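Written out below as structure tokens is the structure these notes cover.
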Amino acid sequence: MREIFAGMPWWVKWVALPVLALVVFGGAILSAISVLIWLLFKILIFVALVGGLIYVVRKFKRPSSSSSDSGW
């Protein structure tokens, strides 16, 4: 394999091969990146909803609780 690449010009190794790899595997790379972005977005929405739920529960529980109530 090393002998094959040794005889090639520099532009084949550094331009043509990466372009071919992007053409062949570009769809798979974009799919993986889109799945990661979708997962991060879902995690962000989950964290925001949990934070909002905790905020609402604390806001409505605090005025009605007595001072002797220790909470959970």
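On a predicted model such as this, the values are computed, not experimentally measured, just so you know.
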Side-chain polar contacts of residues 6-33 - donor-acceptor pairs under 3.5 angstrom, sequence neighbours left out - could you list them?
residue: Lys13; atom: NZ; partner: Phe5; partner atom: O; Å: 3.4
residue: Ser31; atom: OG; partner: Gly27; partner atom: O; Å: 2.9

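- Residues Phe46, Ile54 make up the rest of the hydrophobic cluster containing Val50, defined by ILVMFWY side-chain heavy atoms closer than 4.5 Å, directly or through other members.
- As a member of the Ile/Leu/Val/Met/Phe/Trp/Tyr network built from side-chain separations under 4.5 Å, Phe41 groups with Ile45, Leu49.
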